[in-house]
**Q** 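One structure follows; several queries about it will come next.
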Amino acid sequence: MPAPYALRAEDSRGRRYAEPRHPYRNDFQRDRDRVVHSRAFRRLENKTQVFTRRHSDHFRNRLTHTIEVAQISRTIAAELRLNEDLVETLALVHDVGHPPFGHAGERALDGMMRRHGDSFNHNLHALRIVEQFEQRYADFPGLNLTFEVREGIVKHSGEHRPSEFPQLSEYLLQLRAPLEAQMIDLTDEIAYSTADLDDGVEAMILTREQIRESVPLFGVMHAEAARLYPDAPEKLQFNEALKRLLDCLVSDLIDNSRKRISDSGVQSVEDVREFPRRLLEFSPGVEEERGRLRDFLHRNLYFSEDLRPEKEQAELVITELFDFFMESREALPPSYQEKLLHEPLYRVVCDYIAGMTDNFVSDQHRRFCAAPRRARLSS
Ligand code: MG
């Protein structure tokens with residue numbers, strides 16, 4: 001039985017283009033299936049999460065990360081009696097707007113757009129993908145997703161000021177996101193922060209000992225794992241600790257949110273929207289631990305010297321390719337040249353590069369930027 005504050009598919013504000021109902025899938029289930037069948041979703045397999053695949057086949061990529069977020073989100077949604085179909089759809093779509101090369105790629109694209117007085121944001125790009133770029137259906141452009149999924153794409157990582165984003169006014173920016181969308185930012189962080197500890201060790205940038213010593217909550221989990229499995233190999237003790245850390249974050253989010261929801265007195269989705277604060281949150285103690293984990297990852301992994309060359313190369317590839325297409329619009333594919341009738345060149349170039357996978361952007365860079373440079377150098 002869904003909770004009264006869960007979004008029900010029957011109450012959806014509907015799609016941009018009206019469609020007949022499906023005989024046995026509700027609208028959020030259909031949205032989930034449309035996301036899974038989209039090209040942008042398939043491209044996630046070849047987009048960097050934190051590490052490129054050069055060093056190991058075991059690192060998460062954006063696709064496997066997305067599946068982990070969906071799994072965690074469904075578990076929490078079931079416990080809080082939220083709409084699991086909507087939560088799953090929002091989790092599966094949450095990263096489709098990411099450009100190649102992870103956050104380095106996003107920073108580079110944003111920097112290039114700022115030169116033209118614009119900006120790049122992966123959530124807003126995801127909205128453009130599902131509204132315009134996916135061309136799969138004869139009846140409408142994009143995926144024609146329900147309002148609630150599009151709203152979740154816009155709002156899941158935080159609030160947008162209505163005055164700053166007049167183009168998003170239909171998404172009720174003055175109101176909170178429904179609980180299903182509020183969850184995604186938190187489950188995203190649970191998934192990537194635990195996974196990045198794992199991948200960081202696999203990449204030999206972090207050591208298990210360093211994590212035990214620097215992340216207190218992990219240290220507690222590890223002590224328990226070592227006590228229960230004193231003879232297990234270190235790697236398995238580490239895995240047991242990681243599993244417990246994930247479980248602790250998820251359980252705390254469930255318990256604390258359940259209490260907050262109950263204390264708030266919300267009885268409907270409208271109440272959630274009108275409530276002055278987001279209702280899904282970790283308890284203060286775990287929130288503090290989460291902050292320590294985040295700081296640790298920032299200091300020792302995301303901004304580590306080990307990853308710097310990879311990130312610099314990523315930024316170089318994107319900025320040089322951006323410059324190249326700005327100078328050579330005839331090199332854009334015909335479908336993007338058509339967009340120039342309605343949009344400025346820098347926006348079309350940004351959209352084209354943002355949609356590329358890591359492999360494709362590297363190929364394009366070799367073809368258009370690196371090869372001519374070599375030719376110039378050797379002449
Ligand atoms: Mg994510």
Side-chain angles (χ1 to χ4, degrees), residues 31-32 35-36 38-53 58-77 86-110 120-130 145 149-160 177 179-200 203 242 245-246 249-250 253 278 280 282 290-291 293-294 296-298 301-303 307 311 314 354-358:
D31 282 0
R32 174 197 60 205
V35 168
V36 169
S38 69
R39 285 162 56 126
F41 186 75
R42 292 197 291 281
R43 289 198 300 265
L44 291 172
E45 189 194 2
N46 193 237
K47 292 205 177 199
T48 292
Q49 177 67 18
V50 175
F51 305 96
T52 57
R53 232 183 229 178
H58 299 136
F59 294 141
R60 273 78 175 175
N61 58 48
R62 282 219 180 262
L63 180 61
T64 63
H65 159 72
T66 292
I67 293 169
E68 292 182 2
V69 176
Q71 175 265 313
I72 294 168
S73 302
R74 282 199 66 127
T75 299
I76 298 174
L86 177 57
V87 157
E88 185 177 20
T89 310
L90 291 174
L92 292 173
V93 81
H94 90 279
D95 265 356
V96 299
H98 267 287
F101 300 138
H103 288 283
E106 178 161 29
R107 204 167 32 251
L109 263 188
D110 186 52
F120 178 83
N121 167 294
H122 70 266
N123 288 328
L124 302 185
H125 189 69
L127 191 64
R128 290 165 70 77
I129 289 175
V130 302
L145 302 176
V149 173
R150 286 178 284 127
E151 181 197 21
I153 291 172
V154 170
K155 285 183 176 175
H156 74 84
S157 13
E159 319 290 324
H160 295 287
L179 296 176
E180 285 82 355
Q182 291 187 23
M183 187 195 300
I184 301 302
D185 216 32
L186 300 166
T187 48
D188 185 23
E189 191 175 325
I190 292 175
Y192 73 68
S193 58
T194 50
D196 291 345
L197 292 177
D198 195 18
D199 287 355
L242 206 53
L245 176 64
L246 177 57
L249 293 170
V250 168
L253 182 57
R278 289 190 166 213
L280 297 197
F282 295 98
R290 184 177 74 131
L293 172 57
R294 195 170 25 202
F296 172 80
L297 286 167
H298 273 92
L301 189 61
Y302 307 142
F303 295 102
L307 285 186
K311 288 198 304 199
M356 292 181 186
T357 59
D358 291 8

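Side-chain atoms are counted along with the backbone in the values below, which use heavy atoms only and exclude waters and symmetry mates. One-based numbering, in listed order, for ligands and for the atoms of each.
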**Q** Check whether any side-chain heavy atom of N46 sits under 4.5 Å from a side-chain heavy atom of N61, and report yes or no.
**A**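 The answer is no, as the side chains (C-beta and beyond) never meet within the 4.5 Å cut-off.
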
**Q** Would you please say whether a donor-acceptor pair under 3.5 Å links the side chains of H65 and D188?
**A**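 A donor-acceptor contact under 3.5 Å links the two side chains.
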
**Q** Run T66 and D95 through side chain to side chain donor-acceptor pair (under 3.5 Å) and show every step you take.
**A** CA-CA 7 Å; T66 292; D95 265 356; 4.6 Å; no

**Q** I want to check something: taking the side chain as every heavy atom from C-beta on, are L246 and I72 in contact at a cut-off of under 4.5 Å?
**A**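 L246 vs I72: side chains touch.
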
**Q** Contact between N123 and V154 at the side-chain level, heavy atoms closer than 4.5 Å - yes or no?
**A**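 Result no, sub-4.5 Å side-chain heavy-atom pair not found.
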
**Q** No waters, cut-off 2.8 Å: how many protein N, O or S atoms are close to the Mg ion (ligand 1)?
**A** 4

**Q** Given Q49, which of R62, E68, R60, H103 fulfils the side-chain hydrogen bond (donor to acceptor under 3.5 Å, both in side chains) condition?
**A**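 Passing option: R62.
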
